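The block underneath contains the structure these notes are about, expressed in structure tokens.
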Amino acid sequence: MSADLEVQKPIPPKQSYTGWQAALAEFFQFDFYRTNFKTETLAGITTFMTMGYILVVNPIVLSNAIFLQQPGDLFSQLAVATAVAAAVGTFCMAILANYPFGLAPGMGTNAFFAFSVVIGLKIDWRLALSCVFVQGLIFIALTFTDVRRLLIVAIPRSLKHATAGGIGLFIAYIGMSGDVANGGAGLIVANPATKTAFGSLAEPNTLLAVAGLAMTAGLVVRGVRGALLFGIFGTAIWAWLFKVSPPPQGFFALPELPKDIFGQAILGIANLNSENFIDWIAVLFVFLFVDIFDTIGTLTGVGMRAGYIGPDGELPRANKALMADAIGTTIGPIFGTSSVTAYVESVAGVAEGGRTGFTALVVAGLFAVSLFFIPVFKAIPAFATTPTLVIVGAMMLAEVKEIPWDDISEVIPAFLTIFLIPLTYSIAEGLSIGFIAYPIVKTCQGRAKEVSGGTWIIAGIFVIRFIFMSLRFHHSAA
Ligand SMILES: Nc1nc2[nH]cnc2c(=O)[nH]1
């Protein structure tokens, strides 16, 4: 990222720990990454705070589709399923891959699950969960075959930078476009004539999000440690003091075990019959595609920001990171939630200095603990995370400076990727359009030889997928 946007932080000196702290520091390679417990813990809390909204939003989305008598009646069980899936996936990321990435059910696929698959295609929610489960198993198998690592290598370098930049816009868009009715900032709102428009500063959520942004930006530019986290808590406290959103109504609450959903993903396979089989397979491939490319896009984009991607374009330990994601995706539906993915919000912790799996361990621990403190997390309004998401988005966008802007054959695919990731609300869609454009533009310029075999193959698969999707779903997936 560019030096003028970077929050300049001194590199912490090597630490000398003893006992269990030394063992942990060695396991997570603190010396190699020049980090320490304080930085990693702060980073973990920051990432968790920016992701925490999923504990409330995911159950809201899924409870439109997963219910017994009426929508919403399994909300509490879905909240527990969300926390367990996020904790397990993130824990695997910490232990297997030593990366500071938080994982949770993705916001793209949960809406696709609820509105397109269960409500639109009328596939029973148990059967839809079985789809996610089987997709997770295929994901694990693919990781063993090394296919996914090869996919990462096949992404042209300019598209990797473009994905990082696109994620920057995406994360800021997530932060600004949350619905006021759900505690969001409402800075960008839906508009029937123009699709989107500027919200209203007469809305208290919006006004406080803007004030929080000014405060957080002030802290960040002055290089205050923990600025992003202060931004979240500061904005939330203002919201409570000004009675814009209610303060925590309690502290501790025993979680409701997901007894009505647990295991349905496996039992649900029994509902498969000759009538729904084709749709089930089609949905399975959509989940698989979105999950693989969302994860790869996120790992590459956030990995670039954290400085893991070397000049060879490879992400070290990619297969382990992908395996953590695949395990999360396989376990999630057993508890009752849609695919788990590496979260773009992880970049907030990276911006706070988080570099190792210890950051992820803190995130996983907080997700596990959150099971008992749902009232507190429920009280932090989504708009309190807007300042952090916007500032981190600005930091990530700086990645696009690495794109060779004077070479139009690199610029067109890169631009399409940057532009479409936020506007389609999908890293996978933005990346796939860039992938298709890349060989086309290069060939038109007479430079087809510069395109690797892997890029041609993936672009071909994407073309087939788009044709298939438009025939089967009439609209794009998550
Ligand atoms: N990568 C990623 N990050 C997210 N953050 C919120 N939703 C998503 C998602 O679907 N994918």
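For the single chain, residues carry numbers from 1 onward in sequence order. In each ligand, atom 1 is the first atom listed, and ligand 1 is the first ligand listed. Predicted, not measured: the structure shown is a model, and the values here were computed from it.
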**Asked** In the protein, what heavy atom is nearest to atom 6 (C) of ligand 1, and what distance, to one decimal place, separates them?
**Response** Y53 OH, 3.2 Å
**Prompt:** Starting from atom 10 (O) of ligand 1, which protein heavy atom do you reach first, and at what distance in Å?
**Reply:** M107 N, 3.1 Å
**Message:** Quiz question: by atom type and distance under 3.5 Å, do the side chains of T424 and E429 form a donor-acceptor pair?
**Reply:** no
**Request:** Write down the atom of Y343, the atom of Y53, and the distance for their closest heavy-atom approach.
**Result:** CE2-OH, 3.8 Å
**Asked** Is the closest N or O pair between D294 and ligand 1 shorter than 3.5 Å?
**Response** yes
Is it the side chain (CB and beyond), the backbone, both or neither of [X] that lies under 4.0 Å from ligand 1, heavy atoms counted?
| X | answer |
| --- | --- |
| E345 | side chain |
| F112 | neither |
| A342 | backbone |
| T295 | neither |

**Request:** Any chance you could lay out the side chain to side chain contact (heavy atoms under 4.5 Å, CB included) test for M215 and F230, step after step, and finish with the verdict?
**Result:** CA-CA 9 Å; M215 169 193 56; F230 283 137; over 6 Å; no
**Request:** Can you measure from CG (L322) to OG1 (T295) and round to the nearest 0.5 angstrom?
**Result:** 7.0 Å
**Message:** I need the I296 CD1 to L431 CG distance, nearest 0.5 Å.
**Reply:** 8.5 Å
**Complete:** A student checking ligand 1 against G106 at a 4.0 Å heavy-atom cut-off should list atoms 9 (C), 10 (O)
**Complete:** ligand 1 atoms nearer than 4.0 angstrom to some heavy atom of I427 are 1 (N)
**Item:** Closest candidate by heavy atom, reference atom 3 (N) of ligand 1, pool L389, D291, V344
**Value:** V344
**Side chain proximity check, I174 to Y425, heavy atoms < 4.5 angstrom** = yes
**Residues F112, F287; criterion side chain to side chain contact (heavy atoms under 4.5 Å, CB included); working and verdict** = CA-CA 9 Å; F112 178 70; F287 278 134; 3.7 Å; yes
